[in-house]
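Just the heavy atoms: all of them, side chains too, but no hydrogens, waters or symmetry mates, feed the values below. Keep in mind it's a predicted model, so treat the numbers as computed, not measured.
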Amino acid sequence: MTLLSAPCRCAPVTARIQRIFLFIVALTLPMTSTATWANDHVNIYSYREPTLMKPLIDAFTAETGLKVNMIYAKSGLIERLQAEGKNSPADVLLTNEFSLLTQAKDAGVTQPITSETLATAIPQQLRDSDSHWFGLTRRARVIYASKERVKVDAISYEDLADPKWRGRICTRSGQHTYNVALFASMIAHHGRDKAKSWLEGLKANLAHKPAGGDREGVRDIYSGVCDIAIGNSYYMAAMMRNPKQKTWADAVRILFPNADGRGTHVNISGAALAANAPNTANGTRFIEYLSSKAAQKIYAELISEYPVVAGVEASDIVKSWGALKADPLPLEKIGKLRRDASRMVDEVNYNSGPNS
């Protein structure tokens, strides 16, 4: 795997200035030799960290003989694809979460993939109806609960608005993509009015203003600031492997919301084929490989995320948390409600905390 330079990062600008910016970026992007972007390569723009992807890329190269060039960045890759236009060397866009896939499609930087392999392997609710993107791993949006102070064995997202949890819940920002997706799913299941009332109840039960990330919620349970927190499942495995955070993980257990009903909300990492991919066949082959049972097992064992392909089991550590019954709601439907969910967060003033 060859790791190339990352793109520049820019603050939001007006539409006119943004067009000028994209033109300038297109002129100033680093030039790469044709040897680097040859047709025996796959060229990847990735929001997923290279250390996570390296085992998968190494296995892909060993199986196919195709070399992989990767540009990694935490942000800005969709904008870079727009700036490069037809001159873009990118074949594949890898994302670490769902909203970037929908943003990429809306920005016109992806194209449909014609692949019976992907259509068969990836469940319909985890892929785009126009075949512009495909989910590759699942993460459950779970409840981290104090082993000492929370005695319930079952919970639902709806329960989080119950006054019995007043001052006992921690979450990250309501505008974070993981929470926006969860709130959008509540709109899908209950309608906007009921979902808004629920979000107001959740806000009233917060221990403090939303802050930090999902791991910090677990840290705050450990320190007694709150009793439960909303977080993605794979953070538990990451904390268990981290000597500084293992004590946090040991203080909590995972509850799968709505396990007795519709199932737990899941979000995904995924991939799309770039609109102007110079190596369309190679890009498609790479995404197909990531949906193979061999690649799905690597995802499961090394990253502690849930496979999306039937017949591939979660890792032992993930299975130790209990069975996941996933909400079958199509992610595409959730995507269409994300903007409404984001507005709802602002309407209830969620990020100002419980007493605002």
Side-chain angles (χ1 to χ4, degrees), residues 138-174 176 178-179 181-183 185-186 198-267 303-306 314-327 350-356:
R138 297 178 298 162
R139 302 87 168 265
R141 197 78 180 138
V142 300
I143 301 300
Y144 290 112
S146 168
K147 290 179 178 177
E148 292 183 358
R149 302 184 299 277
V150 176
K151 304 304 180 184
V152 300
D153 293 320
I155 198 168
S156 68
Y157 296 114
E158 290 78 2
D159 290 339
L160 299 180
D162 191 313
K164 71 181 180 182
W165 298 113
R166 191 61 49 89
R168 301 175 67 186
I169 300 176
C170 289
T171 77
R172 69 196 309 162
S173 168
H176 189 276
Y178 297 147
N179 282 337
L182 172 61
F183 302 159
S185 76
M186 295 297 285
W198 169 81
L199 189 60
E200 289 172 335
L202 172 60
K203 173 194 169 186
N205 289 341
L206 294 176
H208 54 66
K209 290 182 180 181
D214 291 353
R215 298 192 207 204
E216 284 70 30
V218 176
R219 176 201 63 193
D220 287 350
I221 294 173
Y222 167 75
S223 62
V225 174
C226 49
D227 293 340
I228 61 176
I230 304 173
N232 278 355
S233 52
Y234 64 89
Y235 286 115
M236 174 64 93
M239 288 184 291
M240 292 175 70
R241 297 187 187 108
N242 186 325
K244 295 181 179 179
Q245 298 175 356
K246 189 175 185 304
T247 53
W248 305 352
D250 290 342
V252 304
R253 58 196 173 99
I254 285 179
L255 299 176
F256 291 93
N258 301 83
D260 296 331
R262 65 178 181 269
T264 300
H265 170 71
V266 296
N267 50 61
I303 309 179
S304 300
E305 296 177 335
Y306 289 94
S315 68
D316 288 342
I317 188 172
V318 171
K319 286 191 289 186
S320 73
W321 305 331
L324 168 65
K325 176 185 177 182
D327 186 345
Y350 184 86
N351 283 346
S352 293
N355 299 315
S356 62

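Enclosure of atom NZ in K164 by more than 12 non-hydrogen atoms of other residues, nucleotides or ligands within 6.0 angstrom is indicated. More than 12 heavy atoms of other shown residues, nucleotides or ligands fall within 6.0 angstrom of atom CG in D162. Under a cut-off of 6.0 angstrom, the local environment of NZ in K209 is sparse, with at most 12 non-hydrogen atoms contributed by other residues, nucleotides or ligands. The number of heavy-atom neighbours closer than 6.0 Å to NZ of K246, taken from other residues, nucleotides and ligands shown, is 12 or below.
The OG1 atom of T247 sits 10.0 Å away from the CE atom of M239 when rounded to the nearest 0.5 Å. With rounding to the nearest 0.5 angstrom, the OH atom of Y178 is 6.0 Å from the CG atom of N267. One distance of note links CD1 of I228 with CD1 of I155; it measures 4.5 Å at 0.5 Å rounding. Considering CD1 of I230 and NE2 of H176, their distance stands at 13.0 Å, rounded to 0.5 Å. Separating the NE2 atom in H265 from the CZ atom in R139 is a distance of 10.5 Å, to the nearest 0.5 Å. Note that the NE2 atom of H208 and the OG1 atom of T171 stand 8.5 Å from one another [nearest 0.5 Å].
Checking S146 against D227 by side-chain atom types alone, no donor-acceptor pair falls below 3.5 Å. Side-chain atoms of D159 and S156 form a donor-acceptor pair, as typed in the model, at a separation below 3.5 Å. One side chain, S356 or K203, offers a donor N or O that lies under 3.5 Å from an acceptor on the other. Judged purely by distance below 3.5 Å, without hydrogens or angles, the side chains of S233 and Y306 never pair a donor atom with an acceptor atom.
In this structure, R149 contributes its side chain and I221 its backbone to a donor-acceptor pair below 3.5 Å. Checked by atom type and distance alone, the side chain of K325 never pairs as donor or acceptor with a backbone atom of N258 at under 3.5 Å. Proximity of a side-chain donor or acceptor of R172 to a complementary backbone N or O of G231 within less than 3.5 Å is not detected. Looking at Y144, its side chain does come within 3.5 Å of a backbone N or O of M236 through a donor-acceptor pair. A donor-acceptor pair under 3.5 Å links the side-chain atoms of T264 to the main chain of P257, judged by distance alone. K151 places a side-chain N or O within donor-acceptor distance of the main-chain N or O of E148, the cut-off being under 3.5 Å.
Here the closest non-hydrogen pair linking A154 and D260 is CB-OD2, 4.1 Å. Of all heavy-atom pairs between A326 and V266, the closest is CB-CG1, 3.9 Å. When all heavy atoms of F256 and A140 are compared, the pair lying nearest together is CE2-CB, 4.4 Å. Among all heavy-atom pairs drawn from C226 and G217, the shortest one is SG-O, 4.0 Å. Scanning all heavy atoms of the two residues, the minimum distance from N351 to G174 falls at OD1-N, 2.8 Å. In terms of heavy-atom proximity, A207 sits nearest to G167 at CB-O, 3.4 Å.
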Next item on the list: Take D327 and Y157, measure what side chain to side chain contact (heavy atoms under 4.5 Å, CB included) needs, and give me the verdict at the end.
Entry: CA-CA 12 Å; D327 186 345; Y157 296 114; over 6 Å; no
Notebook entry, point to check: Given W321 and V142, is the side chain to side chain contact (heavy atoms under 4.5 Å, CB included) satisfied, shown in steps?
Noted result: CA-CA 11 Å; W321 305 331; V142 300; over 6 Å; no
Note to self: Is there a side chain to side chain contact (heavy atoms under 4.5 Å, CB included) between L199 and Y350? Walk through the geometry before answering.
What the structure shows: CA-CA 8 Å; L199 189 60; Y350 184 86; 3.8 Å; yes
Next item on the list: Evaluate side chain to side chain contact (heavy atoms under 4.5 Å, CB included) for I143 paired with V150, printing each intermediate quantity in order.
Entry: CA-CA 11 Å; I143 301 300; V150 176; over 6 Å; no
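When R168, R166, E200 are each tested for a side-chain hydrogen bond (donor to acceptor under 3.5 Å, both in side chains) with N205, only one passes: R166.
With sequence neighbours excluded, no residue forms a side chain to side chain donor-acceptor pair (under 3.5 Å) with N242. Scanning for salt bridge (Lys or Arg N to Asp or Glu O under 4.0 Å) contacts around E158 gives R262, with sequence neighbours left out.
Using a cutoff of 4.0 Å between basic side-chain nitrogens and carboxylate oxygens, R141 and D214 are scored as salt-bridged. Residues R253 and D153 are paired through a salt bridge, judged by an N-O separation under 4.0 Å between the basic side chain and the carboxylate.
Two residues are said to be in side-chain contact when any heavy atoms from C-beta on lie closer than 4.5 Å; Y222 and V252 fail this criterion.
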